[in-house]
Amino acid sequence: MSSHSGAVCLDEARRVAIFGGTHGNEMSGVTLVNLWTKNGAEIQRKRVESKPFITNPKAVEKCTRYVDTDLNRAFTAENLSATGGDDLPYEVQRAQEINRIFGPKGSPEAYDVIFDLHNTTSNMGCTLILESSKDHFNLQMMNYIKKAITPASCLVLLNEHPLLKYSTSRSVAKHPIGLEVGPQPQGVLRSNIFEAMRVILKLALDFIELFNEGMEFPPCTVEVFRVSERVDYPRDANGNIIAMVHPNLQDCDWEPLNPGDPMFQTFDGKTIHYQGSGTVYPTFINEAAYYEKQQAFVTTRRETLVASAIRKA
Ligand SMILES: CC(=O)N[C@@H](CC(=O)O)C(=O)O
Ligand SMILES: [Zn+2]
């Protein structure tokens with residue numbers, strides 16, 4: 001639908017959930033959600049119902065990423081329709097509950113927006129994660145946050161990759177947004193990371209309030225980093241890693257990696273170079289949780305997306 005001004009008219013975004021503890025050892029999100037559950041003043045906005053929610057309480061209790069299986073991969077159609085009740089893996093049961101409360105995924109009854117709070121051990125800074133390049137509401141929100149947070153920066157990771165995309169907790173909402181802030185070790189709280197996450201969420205809610213009040217957002221462009229390929233550690237025949245992230249690459253998330261640049265360092269000191277065909281921007285470099293997922297880092301390519309003007313219908 002288009003208004004006389006050419007803006008795309010969208011439904012008000014009234015129902016907003018803030019998820020923490022999708023991974024029980026990512027402490028900023030867990031702590032913020034627990035804080036806001038006790039006192040929600042900070043996340044209240046006019047015309048917005050904000051619901052803080054701990055998605056994986058058993059994993060939070062144990063301070064582990066998950067109990068049976070990764071909740072942030074569990075929102076597949078198969079899992080959400082699986083029968084078996086108490087015999088299903090804990091996170092599959094939990095995914096079904098979350099889908100009942102905040103979804104159903106893909107339906108008009110689903111929550112408008114879900115922010116899912118994560119921490120990474122990688123040196124990524126503030127990263128917003130999008131699952132679609134066609135979600136103009138989310139793109140406008142990204143533009144708003146990036147402008148408002150200047151001179152600090154906040155990058156946008158776009159995962160639309162047909163094979164590398166996964167079924168996230170936030171994917172039950174109409175507008176899913178991941179917020180990934182690092183570096184922060186698993187099970188640890190760092191005040192700078194905690195505060196950075198808090199500021200982003202405040203700006204995101206401010207945007208939703210302005211939108212719901214009827215503000216029109218003019219067309220804009222948003223720089224994103226599109227997920228391109230997964231790079232695993234070199235491994236031996238038994239699957240054990242035989243090299244580490246090279247010191248020149250460690251902590252250099254979002255910096256250009258060119259063909260021939262050092263990428264890994266073997267335990268006996270040999271350098272393995274990047275063999276790609278052009279410049280890429282690696283991120284999630286040496287993320288602790290990704291050793292089990294056979295991923296040393298992910299490469300991305302820089303792209304500029306255009307967001308249409310939007311306003312409330
Ligand atoms: C380190 C970590 O957990 N990252 C998240 C990224 C995301 O939310 O898309 C994950 O793998 O689920
Ligand atoms: Zn996480």
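As the structure is a computational prediction, the values presented were derived from the model and not from experiment. The figures that follow rest on heavy atoms only: side chains count, while hydrogens, waters and symmetry mates do not. Atoms within a ligand are numbered from 1 in the order they appear, just like the ligands themselves.
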_Atom indices of ligand 1, in the order listed, that fall short of 4.0 Å to a heavy atom of Arg73_ = 10 (C), 11 (O), 12 (O)

*Number the atoms of ligand 1 from 1 as they appear, then name those within less than 4.0 Å of a heavy atom of Tyr166, with their elements.*
6 (C), 7 (C), 9 (O), 10 (C), 11 (O)

*Is ligand 1 under 4.0 Å from a heavy atom in the side chain of Arg170, in the backbone, in both, or in neither?*
side chain

*Salt bridge check: are Lys165 and Glu160 linked by an N-O gap of less than 4.0 Å?*
no

*Would you say ligand 1 has an N or O under 3.5 Å from any N or O of Thr120?*
no

_Interatomic distance, Glu292 atom CD to Asp70 atom CG [nearest 0.5 angstrom]_ = 7.0 Å

*Considering only heavy atoms, which of Met124, Glu287, Gln295, Lys293 lies nearest to atom 1 (C) of ligand 1?*
Glu287

*What protein heavy atom sits nearest atom 12 (O) of ligand 1, and how far off is it?*
Asn72 ND2, 2.7 Å

_With a 4.0 Å cut-off on N to O distance, would you call Arg47 and Glu209 a salt bridge?_
no

*Cation over ring, Arg302 on Tyr281, under 6.0 Å and within 45°?*
yes

*For Ile129, counting its heavy atoms only, list the atoms of ligand 1 lying under 4.0 Å from any of them.*
6 (C), 7 (C), 9 (O)

*State plainly whether the residues Glu26 and Arg65 are in salt-bridge range, i.e. N to O under 4.0 Å.*
yes

*Is Arg14 paired with Glu49 through a side-chain N to carboxylate O contact shorter than 4.0 Å?*
no

*Residue, atom name and distance, where the atom is the protein heavy atom closest to atom 6 (C) of ligand 1*: Glu180 OE1, 3.2 Å

*Do Glu61 and Lys58 sit within salt-bridge range, that is, some charged N less than 4.0 Å from a carboxylate O?*
no

*Is Lys270 paired with Asp268 through a side-chain N to carboxylate O contact shorter than 4.0 Å?*
yes

*Return a yes/no value for Thr168: is any of its N or O atoms, backbone included, closer than 3.5 angstrom to an N or O of ligand 1?*
no

_Glu195/Arg198 salt bridge by N-O under 4.0 Å criterion_ = yes

*Heavy atom of the protein closest to atom 10 (C) of ligand 1 (residue, atom name, distance)*: Tyr290 OH, 3.4 Å

_Protein heavy-atom partner closest to atom 3 (O) of ligand 1 - residue, atom, separation in Å_ = Arg65 NH1, 2.9 Å

*Protein N, O or S atoms under 2.8 Å from the Zn ion (ligand 2)*: 4

*Find the distance between NE2 (His246) and NE2 (His273) and round it off to the nearest 0.5 Å.*
7.0 Å

*asked:* Can you tell me how far apart CG (Leu201) and OG (Ser50) are? Round to the nearest 0.5 Å.
replied: 8.5 Å

